[in-house]
There are 2 protein chains.
Amino acid sequence: MLLRTNTSSSRPVDGHLAALAGENVFCSEFRYRRGTEVFGEGEETEYVYQIISGAVRTYKLLSDGRRQINSFHLPGDMFGLENGVTHRFTAEAIVETRVRITRRRSLLDATRDREGGVAKVIGLVTQSLQHAENHMLLLGRKTALERVAAFLLEMDERLSQPYVMILPMSRRDIADYLGLTLETVSRAFSSLRDEKMLQFDGPTQRRIALTDRGRLGDLNA
Amino acid sequence: MLLRTNTSSSRPVDGHLAALAGENVFCSEFRYRRGTEVFGEGEETEYVYQIISGAVRTYKLLSDGRRQINSFHLPGDMFGLENGVTHRFTAEAIVETRVRITRRRSLLDATRDREGGVAKVIGLVTQSLQHAENHMLLLGRKTALERVAAFLLEMDERLSQPYVMILPMSRRDIADYLGLTLETVSRAFSSLRDEKMLQFDGPTQRRIALTDRGRLGDLNA
DNA sequence: AGGCGAGCTTGATCTGCAGCAAATTCAACT
DNA sequence: AGTTGAATTTGCTGCAGATCAAGCTCGCCT
């Protein structure tokens, strides 16, 4: 196959977790194995996390098991900084994941009396809100093909490996993120491949190369 | 018909707009006629708004006209306080609406050096985020009937007229909020009436009485 | 009073995606 | 090398909700 994987595995990060508070907070590292829970919905918000490597999904469940994934967190992303005292959703490692951790309280304390620190925290929340607003439009009004195209472009931008990206998440995860079934996601992938907008291979077809970002973008309308 | 409307028209408000900054900002009143735009997507964020009476919808559009309503704003609610310099969606008055307005800058300036002022701003953003997260679950994973039940309970809580509420928005607005068509919304209303969970009448069937909140809640799963 | 139009309901039909099932691939075992 | 199981693809069928089309109600106009 003609695909080539980029060797560098981490993308440019939007700032170290500790930088939020001016380096003077204590950060420790931690690792989660594939499929393990980082925190659960309703638990107390004790830590703030930043991904070093790997990937995390955050989601909500209905009582009968239907799942909606809010967002995927990739290397460099922070998560778990919620304003209330309890988490509003569950976070799980999708693959083996290393994170930097700091106590929420010490981060907030250190942030408060730092120039522009509060603005950065507001910025983080706002970024999530903006993502959620765009995702509501996707979930409420886009077709299956449009959703998958939007997903691919989002991942392309965030993983930003020049030629090829390797998705950490399964078709089921993608489906639960896009409000579809895994079969529909799979069919959309195949149909985009047939239309020559992407190629994929690898053990579980997760190695993806976008070959026509222009037409994928058109599907975003 | 046996329905009775409560005469008091405004609900307990979560705080005057000016209270955010400690009363020392200038607020003026303004009114918008039914269907007029308060601000447009992409415009500069110049003002912050609080509804005195009436209702406002905020939405995003796709290029072909498909519309997703993010949220409805009712008396007491604030909106338009976005972190960036431009609005990420459009806001329109659904009915004749009176608002309190203040300049975003003066509010933020006055808020910054006030005890707990910043926390209140973060609280506002967080509240929107929480609403958006719940709405993603609804849009991604709930059935038509579940969506409509959730909508009715949300409005019941927010309009909180003890016996009867009068919805300001049309079936089309509801549909664009719930990711459905107006016909499907109408059928869901009728089916919930047939199941004796609500009654409705009034000129355009917008006067609603919930008669079994328990079973409506069950539909939320 | 009569006509008009906006908003809503209801019926009939259609369709995009869900649901189910079978086949394939590949990693990780024994 | 063979077996097992997880993940994916693909085909077939079914259905929830979309789409199309009347028909109704009520406020508002002349």
Side-chain angles (χ1 to χ4, degrees), chain A residues 1 33-35 57 62 64-68 94-96 138-149 151-152 166-195 198-208 219, chain B residues 1 33-35 57 62 64-68 94-96 138-149 151-152 166-195 198-208 219:
Chain A
M1 244 276 193
R33 283 200 308 282
R34 173 189 159 81
R57 59 182 168 238
L62 291 176
D64 63 357
R66 280 173 287 172
R67 182 177 69 157
Q68 177 61 43
I94 298 177
V95 293
E96 172 91 10
L138 178 148
L139 292 171
R141 288 296 177 223
K142 290 191 182 178
T143 66
L145 212 56
E146 290 168 342
R147 293 178 201 212
V148 171
F151 167 78
L152 288 166
I166 295 183
L167 297 179
M169 69 290 283
S170 69
R171 298 290 190 262
R172 168 164 295 282
D173 286 334
I174 299 171
D176 286 350
Y177 178 59
L178 299 179
L180 301 169
T181 61
L182 68 92
E183 292 94 331
T184 298
V185 170
S186 176
R187 278 184 254 268
F189 270 74
S190 299
S191 128
L192 291 172
R193 174 178 29 111
D194 297 348
E195 295 289 336
L198 56 83
Q199 301 175 8
F200 55 90
D201 67 357
T204 51
Q205 308 293 69
R206 295 193 196 170
R207 212 163 69 122
I208 314 243
L219 283 177
Chain B
M1 246 278 191
R33 281 199 309 283
R34 173 190 160 82
R57 61 183 166 238
L62 291 175
D64 62 358
R66 280 173 287 174
R67 182 178 69 157
Q68 178 61 42
I94 297 176
V95 292
E96 173 91 10
L138 178 149
L139 293 171
R141 287 298 178 225
K142 290 191 181 176
T143 66
L145 211 57
E146 290 168 342
R147 293 178 201 211
V148 171
F151 167 78
L152 288 166
I166 295 183
L167 298 179
M169 68 291 282
S170 68
R171 298 291 191 260
R172 168 165 294 282
D173 285 335
I174 299 172
D176 285 350
Y177 178 59
L178 298 178
L180 301 169
T181 60
L182 68 92
E183 292 94 333
T184 298
V185 170
S186 174
R187 278 184 251 267
F189 271 74
S190 299
S191 130
L192 291 171
R193 172 177 31 104
D194 296 348
E195 294 289 337
L198 56 82
Q199 301 174 6
F200 54 89
D201 66 357
T204 51
Q205 307 296 68
R206 296 195 194 169
R207 212 162 69 120
I208 313 244
L219 285 177

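Per chain, numbering begins at 1; letters A, B, ... match sequence-line order.
Looking at heavy-atom distances under 4.0 Å, B/Ser190 makes contact with sugar-phosphate atoms alone, never a base. Among the atoms of the strands shown, only primed sugar atoms or phosphate atoms (P, OP1, OP2) are found under 4.0 Å from some heavy atom of A/Arg193. Within 4.0 Å of B/Arg187, counting heavy atoms only, lies at least one base atom of the nucleic acid. Using a 4.0 Å heavy-atom distance criterion, B/Ser170 is classed as a sugar-phosphate-only contact. Nucleic acid contact class of A/Gly179 (heavy atoms, under 4.0 Å, all strands): sugar-phosphate only.
Between the side chain of A/Gln68 and the main chain of A/Asp176, a donor-acceptor pair closer than 3.5 Å is present. In this structure a side-chain-to-backbone donor-acceptor pair under 3.5 Å is present from A/Arg147 to A/Leu178. A donor-acceptor distance shorter than 3.5 angstrom exists from the side chain of B/Arg206 to the backbone of B/Pro168, with no hydrogens or angles considered. Counting only distance, with no hydrogens or angles, the side chain of B/Arg172 and the backbone of B/Leu182 share no donor-acceptor pair below 3.5 Å. Not a single donor-acceptor pair under 3.5 Å links the side chain of A/Arg207 to the backbone N or O of A/Asp201.
Counting to the nearest Å, the P atom of D/dG5 and the CZ atom of A/Arg34 are 16 Å from each other. To the nearest angstrom, C1' of D/dG17 lies 12 Å from CG of B/Leu145. What separates CZ of A/Arg66 from C1' of D/dA16 is a distance of 13 Å, to the nearest Å. One interatomic measurement links the two molecules: CG of B/Asp201 to C1' of C/dG7, which rounds to 15 Å at whole-angstrom precision. Computed from coordinates, the B/Leu178 CG to D/dG17 C1' distance equals 13 Å when rounded to whole Å. The CD atom of A/Glu183 sits 16 Å away from the P atom of C/dA23 (whole-angstrom rounding). Taking atom CZ of B/Arg67 as the reference point, atom C1' of D/dA18 lies 17 Å away to the nearest angstrom. Rounding to whole angstrom units, CD of residue A/Gln205 and P of C/dA27 are separated by 11 Å.
A close approach under 4.0 Å does not occur between any side-chain nitrogen or oxygen of B/Arg207 and OP1 or OP2 of C/dC8. Taking 4.0 angstrom as the limit, B/Thr204 places none of its side-chain polar atoms (N or O) nearer than this to OP1 or OP2 of C/dG7. At D/dT9, one or more side-chain N or O atoms of A/Arg171 fall inside 4.0 Å of OP1 or OP2 (strictly under the cut-off). Within the structure, every side-chain polar atom (N or O) of A/Arg172 is placed at least 4.0 Å from both OP1 and OP2 of D/dA6. Residue B/Arg206 has a polar side-chain atom (N or O) positioned under 4.0 Å from OP1 or OP2 of C/dC8.
Checked against D/dA18, D/dT9, C/dT10, the side chain of B/Leu180 finds its nearest nucleotide in D/dA18. Out of C/dT10, C/dC17, D/dT8, the shortest distance to the side chain of A/Ala144 is found at C/dC17. Nearest nucleotide to the A/Pro203 side chain, out of D/dT19, C/dG19, C/dA27: C/dA27. Taking the side chain of A/Thr143 as heavy atoms from C-beta on, and the options C/dG19, D/dT9, C/dC17, the nearest nucleotide is C/dC17.
Where A/Thr184 and B/Thr184 each meet DNA chain C at their nearest nucleotide, the meeting point lying more 5' is that of B/Thr184. Sequence order on DNA chain D of the closest nucleotides to A/Arg141 and A/Met169 puts A/Met169 first from the 5' end.
Residues B/Arg141 and A/Asp64 fail the side-chain proximity criterion, which asks for heavy atoms closer than 4.5 Å. Residues B/Asp173 and B/Arg67 have side chains in contact (heavy-atom distance under 4.5 Å, counting atoms from C-beta outward).
A salt bridge does not link B/Asp194 to B/Arg187: none of the charged nitrogens lies less than 4.0 Å from a carboxylate oxygen.
One finds the CG atom of A/Leu180 at 11.0 Å from the CZ atom of A/Phe151 (value rounded to the nearest 0.5 Å).
Taking the C1' atoms of five terminal pairs at each end of the helix from C/dA1-D/dT30 to C/dT30-D/dA1, the two resulting helix axes are inclined by 30°, rounded to 10°.
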